[in-house]
Amino acid sequence: MSSVRTPDPNPGWLNQDDLREARRRLPMVYVQAVPVQLDPLGCVTDVGLLLQPNATGELERALVSGRVLYRETIRAALLRHLEKDLGPLAMPQLPPSTVPFSVTEYFPHPSETGFTDERQHAVALNYVVALRGECSPRADALQLSWLTPEEALSTDVQAEFAGGRGRLIEQALAHVGWGR
């Protein structure tokens, strides 16, 4: 099966075969970012969602996401994936603390967490990240859509996420006090 993912120019510590084997045996650590735009008072006005093809060619919504590499800090992983997924001019404002708004456990089969990733058992640290610049999504993402929080939480948009990932939008918005 051919991959629709953008090749990582700095693949870190495992080649593709070793990574497949590690995913079969070990939980992998990921960072995930919910990109947002803020008004002058710091309130979320828009949520950035990627639209990309999955392994079977169907379109689905996605968040900025990727592995934390060996000897890489959480902040460095967040910045690397934001720049890789949204372009070098996105100008992300990383949160001052590396404490995530939630920790998500993904399993290759349905589980009590409600989050699935058919490739692996993974643990993801989730962050809300404000962007100040212009975004140009990576090659495997067709577009970055800026949606209002209401649009991002709509049933239609939530149905476009795979593996339960749409729930992260609700958690992220609750974390920043949206809707209260």
Side-chain angles (χ1 to χ4, degrees), residues 1-11 16 28 30-40 42-68 75-95 100-102 104 106 114-120 122 124-176 178-179:
M1 171 182 353
S2 91
S3 174
V4 296
R5 301 281 181 221
T6 302
D8 191 343
N10 179 16
Q16 288 301 316
M28 303 300 286
Y30 279 73
V31 291
Q32 296 184 131
V34 178
V36 297
Q37 292 181 329
L38 306 175
D39 68 13
C43 297
V44 172
T45 59
D46 298 287
V47 178
L49 302 178
L50 294 167
L51 184 65
Q52 63 187 32
N54 63 19
T56 62
E58 297 172 354
L59 296 180
E60 64 186 23
R61 294 285 177 183
L63 301 173
V64 172
S65 178
R67 285 183 295 127
V68 177
R75 295 178 72 74
L78 264 174
L79 185 59
R80 179 171 58 86
H81 289 293
L82 285 158
E83 288 180 351
K84 185 177 88 173
D85 287 1
L86 302 178
L89 301 177
M91 295 178 54
Q93 297 298 288
L94 295 182
F101 72 79
S102 72
T104 307
Y106 291 94
F115 292 96
T116 58
D117 183 335
E118 68 280 351
R119 303 168 301 167
Q120 65 193 336
L125 309 173
N126 305 300
Y127 299 88
V128 175
V129 179
L131 302 179
R132 293 183 311 168
E134 295 297 318
C135 298
S136 54
R138 62 186 180 181
D140 63 325
L142 301 176
Q143 70 182 32
L144 173 71
S145 302
W146 288 106
L147 305 175
T148 66
E150 294 89 351
E151 291 168 333
L153 293 172
S154 72
T155 304
D156 290 344
V157 171
Q158 289 292 302
E160 296 174 353
F161 283 96
R165 288 166 179 83
R167 289 181 24 221
L168 294 172
I169 303 301
E170 183 177 349
Q171 293 173 4
L173 290 170
H175 175 73
V176 297
W178 183 85

### Task
Using distance alone, with no hydrogens and no angle criterion, decide if S102 and N126 have a side-chain donor and acceptor under 3.5 Å apart.
yes
### Summary
Heavy atoms of R67 and R80 approach each other most closely as O-NH2, 2.9 Å
#### Entry: Rounded distance [0.5 Å steps], OG in S145 versus CD in E151
9.5 Å
### Message
I'd like to check P137 versus L142 (side-chain heavy atoms, cut-off strictly below 4.5 Å). Are they in contact?
### Response
no
### Query
Mind checking whether T148 and T45 have side chains closer than 4.5 Å, heavy atoms only?
no
### Query
Taking side chain as C-beta onward, heavy atoms only, is L168 less than 4.5 Å from F115?
yes
### Summary
Smallest heavy-atom separation, Q158 atom then L153 atom, equals CG-O, 3.6 Å
### Query
Quick check: does any side chain N or O of E58 sit under 3.5 Å from a backbone N or O of P53, one acting as donor and the other as acceptor?
no
### Task
First locate atom SG of C135, then atom CD of E83, and finally report the distance between them rounded to the nearest 0.5 Å.
11.5 Å
### Message
Nearest 0.5 angstrom please: R165 CZ to Q32 CD, how far?
### Response
6.5 Å
### Query
Is it the case that more than 12 heavy atoms not belonging to E134 sit under 6.0 Å from its CD atom?
no
### Message
Side chains of F161 and L49, heavy atoms from C-beta outward: is any pair under 4.5 Å?
### Response
yes
### Query
Given side chains that start at C-beta, do those of V34 and L173 come closer than 4.5 Å, heavy atoms only?
no
### For the student: nearest non-hydrogen atoms of W178 and E150, plus distance
CZ2-OE2, 3.5 Å
### Message
So, taking the atom named CZ in R167 and the one named OG1 in T104, what distance separates them when rounded to the nearest 0.5 Å?
### Response
8.0 Å
### Close side-chain approach of V64 and L78, heavy atoms under 4.5 Å
no
### Message
Using every non-hydrogen atom in the two residues, find where W146 and L131 come nearest and quote the distance to one decimal.
### Response
CH2-CD1, 3.8 Å
### Query
Do L59 and E160 come within less than 4.5 Å of each other through their side chains, counting heavy atoms only?
no
### Message
Tell me the closest heavy-atom pair linking V128 and A172, and the distance in Å.
### Response
CG2-CB, 3.6 Å
### Task
For residues I169 and L63, determine if any side-chain heavy atom of one lies less than 4.5 Å from a side-chain heavy atom of the other.
yes
### Task
Pick out which of R138, R61, E60 makes a side chain to side chain donor-acceptor pair (under 3.5 Å) with Q52.
R138
## Note on the structure
In terms of heavy-atom contacts, G163 and Y106 come closest through O-CE2, 4.1 Å
### Summary
One should read off an interatomic distance between L82 CG and L94 CG, to the nearest 0.5 angstrom, of 6.5 Å
